[in-house]
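Notes follow the structure.
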Amino acid sequence: SLISVQRACPQCRGFGAKVGLDAAQVFAGGSASITDALGPLWQDYGHVELYRQLVRFCGSSDVEMDAAVGSWPPETAARLWHGLRRRGSFAGVRRWLERIGARAAGAELDWLDGFLGETPCPACRGRRLRPAALAVELAGLSIADVADMSAGRAAEWLSALRFETGAAAVGRAVVEQLRRELAALE
């Protein structure tokens, strides 16, 4: 396999993506207000303290709870999601949802699952490999660049490779093995 444990990105374990809460999904790409997006948490599931903290946050940030989050100043929307990072201040919607999700069950958990999204891993940018593996290049391409090619294109690329005298025998043997494996994929 291309992605072995030794070469896999340690943050995403070679999956290339992370599944987690996504602000764009929670706030419908910025078109939903806090009430639209999160209202069921206090209206249906009893998280009144979250409502109180959001009211305080909006008051101190001079924004309306019923306005689309996308219409807010970007730094305010970021603070809403990530929190204020000061002891005793608003922890952020992401952290609140994580805490609630850790204890949720039934319909509440199903509702929260709707906010999960898959985003490219920030460490490998979806390439699935650890930085050391991505840093190795042959003819200007990393193993991930070659893996992104179609089998036919990769075979063409391999055929165009030329090796220096000392590495020629090894290079030709590796290219021939890879060419056979690519042919099986076509």
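As the structure is a prediction and not an experimental result, all values here were calculated from the model.
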May I ask you to check whether over 12 heavy atoms, not counting those of [X], lie within 6.0 Å of atom [atom1]?
{"X": "Arg125", "atom1": "CZ", "result": "no"}
{"X": "Asp62", "atom1": "CG", "result": "no"}
{"X": "Glu176", "atom1": "CD", "result": "yes"}
{"X": "Tyr45", "atom1": "OH", "result": "yes"}

side-chain contact (heavy atoms from CB on, under 4.5 Å) between His82 and Val93, intermediate numbers included: CA-CA 7 Å; His82 296 291; Val93 168; over 6 Å; no
Distance-minimising heavy-atom pair for [X] and [Y]:
{"X": "Cys58", "Y": "Trp72", "answer": "SG-CH2, 4.0 Å"}
{"X": "Phe27", "Y": "Ala37", "answer": "CD2-CB, 3.7 Å"}
{"X": "Trp111", "Y": "Leu38", "answer": "CH2-CA, 4.2 Å"}
{"X": "Ala144", "Y": "Leu134", "answer": "CB-CD2, 3.6 Å"}
{"X": "Ala67", "Y": "Ser71", "answer": "CB-OG, 4.0 Å"}
{"X": "Leu161", "Y": "Ala139", "answer": "CD2-CB, 3.6 Å"}

With the side chain counted from C-beta on, respond yes when [X] and [Y] share a heavy-atom pair under 4.5 Å apart, and no when they do not.
{"X": "Leu141", "Y": "Met149", "answer": "yes"}
{"X": "Pro10", "Y": "Arg130", "answer": "yes"}
{"X": "Leu54", "Y": "Trp96", "answer": "no"}
{"X": "Thr35", "Y": "Tyr51", "answer": "no"}
{"X": "Leu112", "Y": "Leu21", "answer": "no"}
{"X": "Asp22", "Y": "Leu116", "answer": "no"}

Can you measure from [atom1] ([X]) to [atom2] ([Y]) and round to the nearest 0.5 angstrom?
{"X": "Arg13", "Y": "Cys124", "atom1": "CZ", "atom2": "SG", "result": "12.5 Å"}
{"X": "Glu118", "Y": "Phe15", "atom1": "CD", "atom2": "CZ", "result": "10.0 Å"}
{"X": "Ser33", "Y": "Asp66", "atom1": "OG", "atom2": "CG", "result": "5.0 Å"}

Verdict with supporting geometry, Arg94 and Glu98, salt bridge (Lys or Arg N to Asp or Glu O under 4.0 Å): CA-CA 6 Å; Arg94 180 186 53 80; Glu98 287 170 348; 3.1 Å; yes
Would a distance-only check, ignoring hydrogens and angles, find a side-chain to backbone donor-acceptor pair under 3.5 Å from [X] to [Y]?
{"X": "Asp44", "Y": "Leu41", "result": "no"}
{"X": "Arg162", "Y": "Ser159", "result": "yes"}
{"X": "Arg128", "Y": "Gly14", "result": "yes"}
{"X": "Lys18", "Y": "Gln11", "result": "yes"}
{"X": "Ser61", "Y": "Phe57", "result": "yes"}

side-chain contact (heavy atoms from CB on, under 4.5 Å) evaluation trace for Asp145 with Arg127: CA-CA 9 Å; Asp145 296 326; Arg127 305 305 298 267; 2.9 Å; yes
ILVMFWY network linking Leu109 to Leu97, side-chain heavy atoms under 4.5 angstrom: no
Salt-bridge criterion met for Glu164 and Arg172 (N-O under 4.0 Å):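 Between Arg172 and Glu164 there is no salt bridge, as every charged N stays at least 4.0 Å from the carboxylate O atoms.
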Trace of the side-chain contact (heavy atoms from CB on, under 4.5 Å) decision for Phe163 with Leu138: CA-CA 10 Å; Phe163 297 96; Leu138 181 60; 4.3 Å; yes
Side-chain donor-acceptor pair present, His47, Gln53, cut-off under 3.5 Å: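 The criterion, which ignores hydrogens and geometry beyond distance, is not satisfied for Gln53 and His47.
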From CA spacing to verdict: side-chain contact (heavy atoms from CB on, under 4.5 Å), Ile143, Val136: CA-CA 7 Å; Ile143 190 172; Val136 176; over 6 Å; no
